Structure formats: structure tokens, C-alpha cells
Amino acid sequence: MDVSFILDALNDKQREAVAAPLQNTLILAGAGSGKTRVLVHRIAWLMHAYEVSPFSIMAVTFTNKAAKEMQARIEQLVGLPPQGMWVGTFHSLAHRLLRAHWRDAGLKQNFQIMDSDDQLRLIKRIMREQNIDETRWPPKQVCWFINAQKDEGRRAAHVPPSNDPFSQGMHQLYYTYEEVCERTGVLDFGELLLRAHELLLNTPALLRHYQQRFVHVLVDEFQDTNTIQYAWLRLLVGDQGSITAVGDDDQSIYGWRGAKIENIQHFNKHFHDVSTIRLEQNYRSTGHILKAANGLIKNNDDRLGKELWTDSGEGEPISLYAGFNEQDEARFIISIIKKWRDDGTSLRDMAILYRSNAQSRVIEECLVREQIAYRIYGGHRFYDRLEIKNALAYARLGIDVNDDSAMERVINIPPRGIGERSIGTIRELARDQGCSMWQAAMEIVRQELLPARATNAIKAFLELIQGMQLTIQTDNLSLGDIFEQLIKEAGLIPYHEKEKGEKGAARVENLKELVNAASGFSWTQEDAEEEEYSSPMMAFLDQAVLDAGEAQADEYQDAIQLMTLHSAKGLEFPLVFLTGVEENLFPSRMSFEEPGRLEEERRLCYVGITRAMEKLYITYAESRRLHGSDSFNSPSRFINEIPPECLEEVRLRSQVSRPVSTQRPTFERPITRAAQLQGYQVPETNVSMGDRVNHPIFGEGLVVNYEGQGPQARVQVNFDDQGTKWLVLAFAKLEVLS
DNA sequence: CTGGCGGTTCTTTTT
DNA sequence: GAACCGCCAG
């Protein structure tokens, strides 16, 4: 068979990777080196050169988007959809295993998946039931704690005991949470992975079966695997199978979510006979951009080592712009955008990247003023939206009336006179009787345990849901029809129409979109053979949780792309703005404490730089209004780490052009805000950072921080013997000592 | 049960 | 600066 079409369009290294022998392979693929391409061609190569059946191939990604893209590209290259191949995210594959073997996994047949939002609600509910102080154990932190444990593959019983009451409380909550999930048959995201791992571990026959089946496992973005994902892979691959891992240790940016960069760093210790191939030729960016990226990332230790190169020329140097404040920064960016647009670049080819979402607002306002179309990535995904989740909850309740979390969500949406008191009574009764809220509600209606008004309201609700049950079970209704019907019965449209502002209208639109999505859902295409779904509705609900969908529908509109650096990974744009590149913001001040965090920030910066194809602008603001008060940050250390010859400073109103090198501050670590502000005068006052001051009551001290300006300015003074205090400058009679 | 007010918090977020 | 939460008054 002629297999040359698979290798023809590849460079030497790519070819080496694609045609690597059938053994464990690590492909270190730098940014823009054709990573996905290699993976897809490798699969085609296995099928054609080795006549591997698609049945024995599993390809794993992190995002649904990546999975879909891979699937599409395999089809394109091989010619037809590969029957029997498993391509999906870690979560969707785990889910598939669990649906097929729910009994072995110790699950209920109709187990439900909950997303992070449901999870947090559940935790709050549990804590309220147990009267746990939410200020001591903030539910968000509890949630974070549980997820972190699950990422590490630890059940409550595996969490090492601790002496301090705070950790003990967390631990105890994990136990309770686990028990509630078990009892009610709901699984969070982490649980999918944990269960799938345990399923294989505890069922040797099953493990053998899958090990024999999936002889070839391919993993994308390997640097982002966490402990449990890694354990699952190792188990599945076993001694006989082979794994092809593609990744880039320099682009590991999810450590804070449990990803272990060590997994890729120590790959060849854990898998045998590993051949490692480096893809370093970059097809994306200009020489200057790559040089900057290489120079920056060199400051990290413990790298597997890689240096990107290109043969397509130096290109323009990176432009560095120091904005006076965030407004000025935004104005500058938009002036450049206009220039490029007028020169014929599509808006969709330009991206503005930032470290944190809060930064987008100023830029958005500016774009709106200038009437430039933009699109924000991230934010709330389709199936995450409140109105959508409510509609889905009605469906869930219609399928299983004992689904308490669905019941909690919609029992009084739209408001129907079942208030917190009534719900509390239902909850309490359910708890006492050990039954579901539905059953408790039935009981209350039967025995009229509440005032007539409340009882009637509950009765009406129960009848509403019973009606929905019938709707869902009606045979000749399509999924879309069912949702249309449910939304109507629940009265969600008039409810949202009543909302003030644009919001309500958008929600009504989204509900219509949900009906559309449901109509278009094709269940038969899914490999239904192994999944024991009793209805298309069940399958639809699961996929709605696992694939939250695109954030915005108008994907093809020509618009500037705005996103966080995290969401930019994997994308590329001819023109890129890296904004807010200031100490405390990027690197984020949160990253200073824990070791290793700073390196992750640096990798994030590396990711940002390598998104740019032709031209990169780096901007920062000398003063920035964030969270309501002004901060004065120095330019990021990352700017210093970029080789000066790649950088060129621009000044719009250029009277003074400061040479880049002299303006660079030197950094001592740890950098405190006080150190940075040293000598800075609080605007419209006579006080500067670092001044020694005298206060009539507190005595002498040092000005270490401030916020606001002019009459509103407050300063933080570190008094010699009174500790630090915040004082309003206008009132405190501070005397500046020189 | 709803609406309004004040206090608090504020990195990133593939599933 | 705004979003979210909890508390209180109507």
C-alpha cells in the first residue's frame, strides 16, 4: 500500500515522529511546530503502514474542541470516519467506560454528572444542613479542596490526617460530600476520572480486555495531565500497549489545577523504551518572536530543553509600549488595530491577550466607543448559562423526580410561592425520612403539613413536573419538541421577558437556541452500542454537561479576539497584543509565594508570545485602576528577560524615547509593593512612598502603601511601635520628616 | 417572598 | 467597580 501521502508534506522531524517505531514515544512539540498534525498523521500511519485496526486506537485530548478537530482531521486524511476508534477528552472517555460498565463501577444505572456549578451548590447545601460555619470554611475553598484531592487520585479515606482544625473540617466535609454523591448517584468531573481508574484497577477482566483492545494510546497536551489522568493512562497502556505522548513542558500552565509537569518531565522513567523526538521548527512566528520566546523561557530551570527556530526570516521586532495608564494602553492598542485594519488585515486575525478577565473591561469600552467588533472568549459557555441550566434541570427532574439538585434549582423558578421556608421544610423532612425531596414534598401535600397557601403551591409544582414526565415520555415528540414544550409548561419565557434590560431578551434567545440544539442532537451517530442509555434525552443531558459548548454563536463574525492567556493556548494570530505586562499582574502577585508558580507564569508568557505570527505588541501601564483603586506597578520582569535586540520601544506622543535598557528596573525578590512604590509620590499630595512620617498619636513610621488620590487618598503607615495602620491623608495630621 | 442595601471579595478555569 | 452574598424591611 502506498503510504507516502501520509509523510509527504512533513519535515524530517515530523516524519520521524509520525513514523516512529511501535514503542512508547514522547514527542516534544514546541509551539507552532505542527503538533496536531503529527498526531493525526501518526494515527493514519498506524492504520496504513502497520495495518492497525481503528479499534485498537485511542486518542485522548483535554478539550472537546481539540477532540472534534482531531476527529475531523483524521477523517479528512484517511477518507472516512474511523469506525471503532475512541477519540475524546479524558472525561468523555472515562464517562463512556462508566456508562458501559456502571455495575462494575458500583454506580446507579442512571447516574448523573454535575458540573462545577452544581458541585458548589451541593457543597453549600451540605454545609447548611450540617450548620457549618461558611466563613471559616468558605464553600468555594471546600470545593477546591475536594477537587484538588480528586486530581491527586485521593478519596476521603486516602487524605492524610491533619492536626489543624481547618484541614480536619475540610477533610470531614469531603467524607460527607462523598457519601451524599454516592447515595444520590451524582458524579462530579473529578469523580469520572477517579471512578474510571478504580473500575479498571478493581476489575482485572475488564482491564485485560481494554488493555488488549487499546494497544495504541495517543495523548495530546501531555504536559497538562494530572495525577489521576496519568495513573489511568499507565494502567490502560500496561506493559503490552504503547503510548504516544505529544506535549510541551514549556507550555504547562495548568499546575494550579493539578496538572503535573513532572508527568512529561519523567516520562521515560515511567514508560519503558521511550524514544523522544523534538519538534523545534516553528511554522508560525517570525524570528524575532521566537528569539524572544526562547530568551524568556531560558530563565526556567528543569526544562526538557528545546529551542524554536524558523527559516522564514526575522520579521519585525516586538514593540513595547508603556501606557500612562490602562486607558492610554487601550487607546494605543486600538490605534494600532485601526492601522492594521485599514491596511487590510481582518479583525479576526488580531488578538488581545490579558492575564486576568478584569482587564478586558477597559479595552471593551474603548472598542465599543470606536465601533470595532470584538468577541470575548471564555466567560459563560452556552450550557453553563443560568436559563439553560434551569431548562435542563426541568428535563432532569422529568426523567428522575428524585434528582434533588434539579429540584432545588427549579422548585421556585419562576417564582411560584415556594419560598425558603417551605423548601426548608421539604429538605428537613427528606433528611429525616432518608428520602428524596420529591417524596418529601408529596408527603407534605398529602398530610397538609404546611399552611394551605404553601401546600397548594407545592402541589401545583408536583403536578407541573408530572405533566412534564408525560411530555418527555411521549414517543412521537422530537427532543427539540420536548424542550419547547417543557419551557412552555414551566413558563420560563414570560419569566425572562419580565427581566429588565437586555438580559431577559438574551435569555429568551438562548432558550430558543436550546430548542435548536436539542433538535439538532443526533444520538444515533454516537456509538450507542456500548452506552446503555435508555433515551436520547439522557444522552443529550450528559453531553450538555461534558461539552459546555461555544461561548458565542457568531463565531464567524469578523471581530477582534479578546481572551485570557490561558484560553489562547493552541491558537494563533498574525497580530497579537500582550497587555498588562506588569509586576503583580503578570506575573500575578498570587504566584510569588509558592515556589514553581513563577515559572508557570513565565510559561504562560511564553505561550502568549508564541501566539503571534507576524507582529507582537507588548504593553503595560504605569498606573492602573484595578478593583477600584490605583496601583503603580513596574514593568514585568518578563520584559527584562526578553533579549533587548528583539524589542523596540514605541511612544505615541514621542517626545522622549527612552532606550529600553536604562529604563529597566532591577528586581529583588520577593518584590513587595512597598519596594516597588519606593519614592513614588501619592498623586495630589505631599507624601511619597518610603517617607518617614510623624503622627500626633501613633508616633513615627514609614509610608509603605497607599490607595486613592487627592482628598480620598489613604496611606498605610508602618509605625515604629503601633504596627501598620491605614490613614486618610486628608484627616490624619501627618508630618513628613525628611 | 421580594427587593434593596451594605459588606466583602477580587488569577487563571480545558472537564 | 462590580458581582455576589446575606440580612432586613415591606
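Every chain is numbered from 1 and lettered A, B, ... according to where its sequence line falls, protein lines coming before strand lines. Here the structure is a predicted model, which is why all the values come from computation and not from measurement.
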Atom P, compared across C:dC4 and B:dT13: separation rounded to whole Å: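 16 Å, rounded to whole Å.
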
Any chance you could measure [X], atom [atom1], to [Y], atom [atom2], to the nearest 0.5 Å?
X      : Y      : atom1 : atom2 : value
A:W86  : A:L218 : CH2   : CG    : 15.5 Å
A:W137 : A:F145 : CH2   : CZ    : 12.0 Å
A:E69  : A:T63  : CD    : OG1   : 8.5 Å
A:R154 : A:I228 : CZ    : CD1   : 11.0 Å

Sugar-phosphate only, base, or nothing, as touched by A:G417 at under 4.0 Å among non-hydrogen atoms: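 Contact class for A:G417: sugar-phosphate only.
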
Side chains of A:Y383 and A:Q543 in contact at under 4.5 Å (non-hydrogen atoms):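 Yes - at least one pair of side-chain heavy atoms lies under 4.5 Å apart.
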
Pairwise side-chain contact, A:W232 with A:L97, heavy-atom cut-off 4.5 Å (strictly under):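 Result yes, sub-4.5 Å side-chain heavy-atom pair found.
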
Contact letters for nucleotides 4-10 of chain C, in which S counts primed atoms plus P, OP1 and OP2 and B counts the base, heavy atoms under 4.0 Å: -SS----

Heavy-atom protein contacts under 4.0 Å, nucleotides 8-15 of chain B, coded B base, S sugar-phosphate only, - none: --BBBBBB

Parallel, tilted or perpendicular: ring planes of A:F222 versus A:Y230, cut at 30 and 60 degrees: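 A:F222 and A:Y230: perpendicular rings.
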
Backbone N/O of A:R453 and side chain of A:N456: donor-acceptor pair under 3.5 Å: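 Side chain of A:N456 to backbone of A:R453, a donor-acceptor pair under 3.5 Å: no, none is there.
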
